[in-house]
Amino acid sequence: MKRIFTLSTIFCISLLLLATPVLAASDAQNSLEKTINSVLDELKKPGIKDPNARVAILANVEKIILTLFDFNELSTRTVGPSWKNFSADQKTQFTNAFTTLLRETYLEKLNGYNGEQVSYIGETASSAGDKIEIQTSVLIQGKPVSVSYRMLKKQQWVVYDIIIEGVSMVQNYRTQFQEMLTRGDIDGLVKQVGVKAEESRTRNRKSQTGS
């Protein structure tokens with residue numbers, strides 16, 4: 001799969017959000033900040049450099065991520081209108097595989113983290129107040145990287161898209177899946193996502209253990 005840093009397609013923020021600045025930290029930002037801080041606390045642990053301890057630490061990171069990201073929402077939005085053509089079983093299979101792929105992709109990006117703090121730049125909310133985009137900046141391998149989180153109000157605030165350097169993760173994967181979706185090859189798409197997820201998992205585990 002293409003890396004999200006190299007894609008030039010930018011998903012227009014104005015289609016989802018109105019340019020309404022939020023002056024004070026919202027509940028959404030507080031929730032996001034709490035979760036990110038928990039992730040960073042794990043990554044700051046001395047054992048992160050030990051291949052054996054690192055596996056357990058990243059397992060904790062995975063659990064934390066699962067409390068913030070709504071992978072059902074991410075799956076539905078990524079597939080788009082074609083989601084209605086998926087059977088219940090295909091939806092479950094796709095969501096499970098896509099959850100693994102996104103989680104492993106996110107963990108892979110964290111491999112370059114070296115203890116730097118995340119800077120919160122600002123927020124943009126929808127007029128209804130049910131969607132919000134929170135802009136952040138984080139140093140990855142010494143380079144400032146722009147990362148924005150699109151969040152949706154459900155029983156709690158959840159992340160339904162991530163924008164890295166101006167590129168939407170949802171739009172990135174939708175573009176990659178479009179050919180198979182156009183052909184109606186749903187089973188083929190589910191299989192492809194599963195293979196990519198396993199490749200990412202294997203790559204991450206090798207990186208974690210140093211093997």
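The first residue of the sequence shown is numbered 1, and numbering continues consecutively from there. Heavy atoms only: backbone and side chains are in, while hydrogens, waters and symmetry mates are out.
- More than 12 heavy atoms of other shown residues, nucleotides or ligands fall within 6.0 angstrom of atom NZ in K45.
- Atom CG of L102 sits about 8.5 Å away from atom CZ of F69, to the nearest 0.5 Å.
- In plain terms, the two heavy atoms of S137 and P144 that are nearest each other are OG-CB, 4.0 Å.
- In terms of the side chain to side chain contact (heavy atoms under 4.5 Å, CB included) criterion, residue partners of D185 (sequence neighbours excluded) are, by chain and number, M180, R183.
- Side-chain atoms of Q135 and T124, non-hydrogen and from C-beta on, do get closer than 4.5 Å to each other.
- Scanning for salt bridge (charged side-chain N to carboxylate O under 4.0 Å, His left out) contacts around E199 gives K196, with sequence neighbours left out.
- Minimum heavy-atom separation, E123 to S26: OE1-OG, 3.0 Å.
- Considering only heavy atoms from C-beta on, S75 comes within 4.5 Å of W83 through its side chain.
- In this structure, CG on L58 lies 11.0 Å from CZ on R103, to the nearest 0.5 angstrom.
- For S200, the side-chain hydrogen bond (donor to acceptor under 3.5 Å, both in side chains) partners two or more places apart in sequence, or in a different chain, are R203.
- Between the side chain of Q90 and the backbone N or O of S87, at least one donor-acceptor pair lies under 3.5 Å.
- By the side chain to side chain contact (heavy atoms under 4.5 Å, CB included) test, S31 pairs with L68, sequence neighbours left out.
- In this structure, CG on L101 lies 11.0 Å from CG on L74, to the nearest 0.5 angstrom.
- Rounding to the nearest 0.5 Å gives a distance of 11.5 Å between OH of Y173 and CG of D161.
- I36 places a side-chain heavy atom less than 4.5 Å from the side chain of Y120.
- Between D70 and V159, the closest side-chain pair of non-hydrogen atoms is not below 4.5 Å.
- Distance CD/Q176 to CG/L189: 10.5 Å, rounded to 0.5 Å.
- V118 and I121 end up in different hydrophobic clusters when Ile, Leu, Val, Met, Phe, Trp and Tyr side chains are linked at under 4.5 Å.
- For V190, the side chain to side chain contact (heavy atoms under 4.5 Å, CB included) partners two or more places apart in sequence, or in a different chain, are Q93, F94, I186.
- Residues forming a side chain to side chain contact (heavy atoms under 4.5 Å, CB included) with L152 (at least two apart in sequence, or on another chain): E73, R77, K131, K154, V158, Y160.
- Screening I162, I163, I132, T35 for a side chain to side chain contact (heavy atoms under 4.5 Å, CB included) involving Y149 leaves a single residue, I162.
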* Show your reasoning for whether side chain to side chain donor-acceptor pair (under 3.5 Å) applies to Q178 and T182. => CA-CA 6 Å; Q178 192 58 51; T182 300; 3.3 Å; yes

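- With contacts defined as side-chain heavy-atom distances shorter than 4.5 Å, the pair K63/T67 does not qualify.
- Taking CG of D187 as the start and CZ of F86 as the end, the distance is 9.0 Å to the nearest 0.5 Å.
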* To do: Could you go through the side chain to side chain donor-acceptor pair (under 3.5 Å) check for D130 and S126 one step at a time?
  => CA-CA 7 Å; D130 61 338; S126 66; 3.0 Å; yes

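- Remark: the N172 side chain and the S168 side chain contain no N/O donor-acceptor pair separated by less than 3.5 Å.
- Taking hydrophobic clusters as Ile, Leu, Val, Met, Phe, Trp and Tyr residues chained together by side-chain heavy-atom distances below 4.5 Å, F177 does not share a cluster with V195.
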